[in-house]
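A quick write-up on the structure given underneath.
Quick note on labels: first sequence line is chain A, next is B, and so on, each numbered from 1. Quick caveat: nothing in here was measured; it's all calculated off a predicted structure. Both backbone and side-chain heavy atoms feed into the values below; hydrogens, waters and symmetry mates do not.
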Protein chains: 2
Amino acid sequence: MEHNHDTHEACCEAHTLTVEKVAGNLPDEEILYDVAELFKVFGDSTRVRIICALFESEMCVCGIAEVLGMTQSAISHQLRVLKQARLVKYRREGKTVFYSLADAHIKTIFNQAFEHVME
Amino acid sequence: MEHNHDTHEACCEAHTLTVEKVAGNLPDEEILYDVAELFKVFGDSTRVRIICALFESEMCVCGIAEVLGMTQSAISHQLRVLKQARLVKYRREGKTVFYSLADAHIKTIFNQAFEHVME
DNA sequence: TTAACATATGAGCCATTGTTCATATGTATT
DNA sequence: AATACATATGAACAATGGCTCATATGTTAA
């Protein structure tokens, strides 16, 4: 019987069955990548604060900026990221643009995250 | 009546009530930061793949490396990150170290993330 | 149309981060 | 003790990402 792994031999020899089973059951590469991308969007405290603000109420850009104590530009850049991830939606009312959350999963994900953090 | 915000005036004047209400209801700064840190850990496709592999079964470092087709060093570095976030635990068995998931919330969070990605 | 305001966006800067490479630590075997 | 193996870790490098600054776009009112 032959094994031709560059790196390690003995240990992997012993666990070949597990490795093959696990490798076979992994979700598609593309989906795993998208999931990581989604978490990457959540992985910034400014965006987390924006999302939590939007849990309370829809808000205009300058309103969010004021709540977070940041510039309009910084908020707008981050809203762009959230928009591209289809996590927020917006509606225009005159000069003002109101943003709100676009996905029900977000609440569940954040609730679990809060629970983990406060274990 | 006075308002002294550097940036914007008219819009915020109109939405002062909303802004104050939302600002008052935001979770503690520290918790929001920790939540972002948690998502930051999830926000890398290597770590996502490691976590998904561990959903299937506990595994040794070289086993994970083989499943993902990456070096032992890269995996070890990432397991360190997961360990520091208290997301994985490990047990030693001779020369081998087996890693497994340490938190029940992870599964829920990932399930929701998968649902969002595949909407 | 011109002015004022709300928002969006591009360029640039600095900080963070994932990987590689080399090496150290820890464990078992001889 | 010496060797072999599994894992951990530090330094360095390249790439990514968030913020600022300047400016563009879009909308309303005069």
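Rounded to whole angstrom, the span from the CG atom of A/Leu82 across to the C1' atom of D/dG18 amounts to 13 Å. The CD atom of B/Glu93 sits 13 Å away from the C1' atom of C/dA28 (whole-angstrom rounding). One can place CD of A/Gln84 at 12 Å from C1' of C/dT9, the figure rounded to the nearest angstrom. A straight line from CD of A/Gln78 to C1' of C/dT9 spans 14 Å, rounded to a whole angstrom. Atom NE2 of B/His15 and atom P of C/dT7 are 9 Å apart (whole Å). Rounded to whole angstrom, the span from the CZ atom of A/Arg80 across to the P atom of C/dA11 amounts to 11 Å. The CG-P distance, from B/Leu79 to D/dA8, rounds to 7 Å in whole Å. Following rounding to the nearest Å, B/Lys40 (NZ) and D/dG18 (C1') show an atom-to-atom distance of 10 Å.
Nearest heavy-atom pair across B/Arg86 and A/Glu119 is NH2-OE2, 3.2 Å.
The shortest distance between side-chain heavy atoms of B/Leu68 and A/Leu26 falls below 4.5 Å.
Contact between the side-chain N/O atoms of B/Arg47 and the OP1/OP2 oxygens of C/dG18 is found at a separation under 4.0 Å. Residue A/Thr96 has no polar side-chain atom (N or O) positioned under 4.0 Å from OP1 or OP2 of C/dC5. At the phosphate of C/dG26, neither OP1 nor OP2 sits under 4.0 Å from any side-chain N or O atom of B/Arg92. For the OP1/OP2 pair of D/dA8 and a distance below 4.0 Å, the side-chain nitrogens and oxygens of B/Tyr90 include no atom meeting the criterion. Remark: A/Ser73 is not in phosphate contact with D/dT20, judged by side-chain N or O atoms under 4.0 Å from OP1 or OP2. OP1 or OP2 of C/dT20 sits under 4.0 Å from a side-chain N or O of B/Thr71.
Remark: the backbone N or O of A/Glu30 is not paired with any side-chain donor or acceptor of A/Asp28 at under 3.5 angstrom. Between the A/Arg49 side chain and the A/Ile64 main chain, no donor and acceptor come within less than 3.5 Å of each other.
By the stacking rule of 5.5 Å between ring centres and under 30° between planes, A/His77 stacks on the base of C/dT9.
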Does the side chain to side chain contact (heavy atoms under 4.5 Å, CB included) test come out yes or no for B/Phe110 and B/Val48, once each step is laid out?
-> CA-CA 9 Å; B/Phe110 270 65; B/Val48 164; 4.0 Å; yes

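Ranked by how close their nearest DNA chain D nucleotide is to the 5' end, A/Gly94 and A/Ala74 are led by A/Ala74. Each of A/Thr46 and B/Tyr99 was matched to the nucleotide of DNA chain D holding its nearest heavy atom; the match closer to the 5' end belongs to B/Tyr99.
On a pure distance criterion of 3.5 Å, a polar donor-acceptor pair joins the side chain of B/Gln72 and the base of D/dA8.
B/Phe98 comes within contact range of no nucleotide atom at all, as no heavy-atom separation falls under 4.0 Å.
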